[in-house]
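To keep things clear, I will list the structure first and then write my remarks on it.
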Amino acid sequence: METDRYITNWVKGVIVKREIDKYLIDGKDFIDEQDIGKRLIENRNPPSAHIKDILEKSLAIQTLNSDETAALLNVTSQDDWERIFETALVVKKKVYDNRIVFFAPLYCSNLCVNNCAYCGFRIQNRNEIRRLLTLEEIRNETSVVLKEGHKRLILVFGEHYRSDVDYIAAAVKSVYDVTEISSQSGQSSSIRRVNINAAPMEIEKLQILKKSGIGTYQVFQETYHHQTYHSVHPANTIKGDYRWRLYALHRAMDAGIEDVGIGSLFGLYDWRFEAMGLLAHALDLERQFGVGPHTISFPRMTPASGSFLSADSPWRVSDDDFKKLVAVLRLSMPTAGMIVTAREKAEIKKSAILLGCTQTDASTRIGIGAYSDQKKEENLNNKQFSIGDSRNLEEVIQEVVGLGFIPSFCTAGYRCGRTGSTIMGMLSHCDEGKFCKLNAVLTFREYLSDYATALTRTDGEALITKEINEIESMKYFRTKPHLLEKFRNDYREILVGKRDLYV
Ligand code: SAM
Ligand code: SF4
């Protein structure tokens with residue numbers, strides 16, 4: 001009972017109202033539902049000529065406004081959709097080239113004080129087997145992931161006093177501390193970028209998080225629709241406060257975390273409305289901080305332990321609509337990274353990549369402690385939801401290479417100051433994609449030498465040869481011979497055993 005009282009008091013102290021109010025405009029938040037509804041109605045039946053103009057704007061790497069986004073969401077003609085799908089990939093390649101960044105999730109704890117109707121971790125799910133990994137267990141989990149060849153992790157946490165910011169910061173440090181030696185090449189490797197998906201926090205705590213050396217900080221709004229939000233997040237919980245969550249990433253920016261990831265859980269409400277909500281979120285970050293989100297996530301709800309809603313929502317998004325959603329988000333916010341995860345089946349992930357996603361996970365296990373113990377993955381009561389793609393890293397890499405994309409483990413951006421407005425500016429001028437292409441080649445070369453089997457190495461090396469030829473002939477690099485020289489030199493050094501070199 002003492003603990004119950006402690007938790008109740010802790011919960012009461014989490015939300016700092018002035019850190020919501022400072023971002024409001026005339027007491028209002030940036031989700032104007034009437035306006036979103038109006039734009040969705042006014043932009044019905046958009047003529048093809050108008051769609052073509054909008055696509056031209058995306059091709060010029062400009063963020064679309066809400067009318068333009070609403071028009072895309074309202075397209076009914078199949079021909080227009082085909083044009084949208086094709087353009088989405090062209091835009092992605094213009095900004096990010098043909099690389100796909102890989103990461104793995106690491107679920108550290110399923111302790112949670114909230115009661116979100118769709119989530120297996122919610123407090124009232126008595127079936128869930130609760131666990132918080134020790135720092136040693138986190139190191140063990142990291143070792144397993146490293147042995148597959150990963151260089152980026154996203155750490156995921158429920159909201160609980162035991163997984164507060166100090167635990168998260170210690171978890172981040174534990175991950176960075178691990179070094180593994182590749183049995184294939186004898187080269188050592190460690191995780192080079194740790195991203196975080198954790199509950200909203202006050203600015204002071206976010207500063208601690210920033211100091212721990214995180215890359216991106218993600219908080220998903222789940223649904224931007226106020227009434228739906230309140231119906232799935234009980235009022236007496238921390239998460240029941242819509243605005244505390246809505247401004248989580250504004251606070252992160254204020255705390256100096258420049259790379260933030262927005263997201264919405266698709267299946268709770270109308271997908272078109274949520275897409276407009278994501279755009280409004282991106283635009284408000286841009287307006288208040290001069291830089292939009294680093295990434296956008298659009299998880300589709302999957303069945304979770306003890307959650308009726310997760311399996312049976314009236315708002316579930318069909319595969320066809322999901323593809324439309326991905327393409328529209330790509331075109332609406334051309335410079336944002338887009339993440340498709342193992343919630344989706346392999347074939348859907350593949351479609352999402354062909355529609356402009358930039359990042360995906362692989363070898364995903366979301367059970368608490370499941371990298372070290374596969375049995376923990378098999379029990380739904382040990383995890384947050386069910387996944388659709390459990391392929392290992394090499395399997396996904398083979399597919400991606402087959403599609404002509406270059407797998408990337410690059411983490412150079414945030415380590416050499418290409419974050420926030422710097423990277424977003426470079427992306428909008430289509431410069432960052434070129435840098436990243438060089439780093440994709442370098443990090444993929446490392447992967448092929450250290451972790452790939454013979455077949456993947458053969459296919460991967462053929463792709464690298466093609467990429468290098470392309471790089472050598474690019475006008476951009478001919479005007480920057482020092483870059484090209486560094487790249488050539490780094491590549492040679494990697495072949496003889498140097499690691500972690502980047503441009
Ligand atoms: N507790 C933190 C919070 O709420 O911000 C971390 C979130 S949770 C561990 C990561 C994300 O998983 C959630 O923000 C939500 O979008 C998503 N999620 C929750 N339940 C899900 C389900 N049944 N299917 C798919 N995604 C789900
Ligand atoms: Fe807790 Fe996050 Fe799950 Fe809600 S979504 S119950 S806050 S872990």
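Values below: every heavy atom of this structure, side chains too, minus hydrogens, waters and symmetry copies. Order of appearance sets the numbers: ligands from 1, and atoms from 1 within every ligand.
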Would you tabulate the polar-atom pairs, meaning N/O of ligand 1 against N/O of the protein, with distances under 3.5 Å, reported to 0.1 Å?
{"unit_1": "ligand 1", "atom_1": "1 (N)", "unit_2": "Phe157", "atom_2": "O", "d": "3.1"}
{"unit_1": "ligand 1", "atom_1": "4 (O)", "unit_2": "Lys239", "atom_2": "NZ", "d": "2.9"}
{"unit_1": "ligand 1", "atom_1": "4 (O)", "unit_2": "Arg245", "atom_2": "NH2", "d": "3.3"}
{"unit_1": "ligand 1", "atom_1": "5 (O)", "unit_2": "Arg245", "atom_2": "NH1", "d": "3.3"}
{"unit_1": "ligand 1", "atom_1": "5 (O)", "unit_2": "Arg245", "atom_2": "NH2", "d": "2.7"}
{"unit_1": "ligand 1", "atom_1": "12 (O)", "unit_2": "Arg343", "atom_2": "NH2", "d": "3.1"}
{"unit_1": "ligand 1", "atom_1": "12 (O)", "unit_2": "Gln384", "atom_2": "NE2", "d": "3.4"}
{"unit_1": "ligand 1", "atom_1": "14 (O)", "unit_2": "Glu222", "atom_2": "OE1", "d": "3.4"}
{"unit_1": "ligand 1", "atom_1": "14 (O)", "unit_2": "Glu222", "atom_2": "OE2", "d": "2.6"}
{"unit_1": "ligand 1", "atom_1": "16 (O)", "unit_2": "Glu222", "atom_2": "OE1", "d": "2.6"}
{"unit_1": "ligand 1", "atom_1": "23 (N)", "unit_2": "Tyr118", "atom_2": "O", "d": "2.9"}
{"unit_1": "ligand 1", "atom_1": "23 (N)", "unit_2": "Thr302", "atom_2": "O", "d": "2.9"}
{"unit_1": "ligand 1", "atom_1": "24 (N)", "unit_2": "Thr302", "atom_2": "N", "d": "2.9"}
{"unit_1": "ligand 1", "atom_1": "26 (N)", "unit_2": "Arg343", "atom_2": "NE", "d": "2.9"}

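Residues forming a ring-ring contact (aromatic ring centres under 6.0 Å, His included) with Phe30 (at least two apart in sequence, or on another chain): Tyr247, His250, His281.
Taking the centre and axis of the six-membered ring of Tyr217, the NZ or CZ atom of Lys210 falls outside the cone set by 45° and 6.0 Å.
Proximity of a side-chain donor or acceptor of Glu377 to a complementary backbone N or O of Tyr371 within less than 3.5 Å is not detected. With Ser313 contributing its side chain and Ser310 its backbone, the two residues share no donor-acceptor pair below 3.5 Å.
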Residue pair Ser372, Glu141: steps toward the side chain to side chain donor-acceptor pair (under 3.5 Å) verdict: CA-CA 6 Å; Ser372 313; Glu141 294 281 278; 2.5 Å; yes
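The only member of Lys239, Gln124, Glu159, His233 that meets side chain to side chain donor-acceptor pair (under 3.5 Å) when paired with Asn114 is Glu159.
For atom 4 (Fe) of ligand 2, the nearby protein N/O/S atoms, meaning those under 2.8 Å, are Cys116 SG.
Salt-bridge check for Arg343 with Asp361: failed, with every basic side-chain N at 4.0 Å or more from each acidic carboxylate O.
Proximity of the aromatic rings of Tyr242 and His225 is defined here by a centroid distance below 6.0 angstrom, and this criterion is not met.
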Would you mind writing out the side-chain donor-acceptor pairs for residues 195-208 within the sub-3.5 Å range, not counting sequence neighbours?
{"unit_1": "Asn195", "atom_1": "OD1", "unit_2": "Arg193", "atom_2": "NE", "d": "2.9"}
{"unit_1": "Asn195", "atom_1": "OD1", "unit_2": "Thr216", "atom_2": "N", "d": "2.7"}
{"unit_1": "Asn197", "atom_1": "ND2", "unit_2": "Gln218", "atom_2": "OE1", "d": "3.1"}

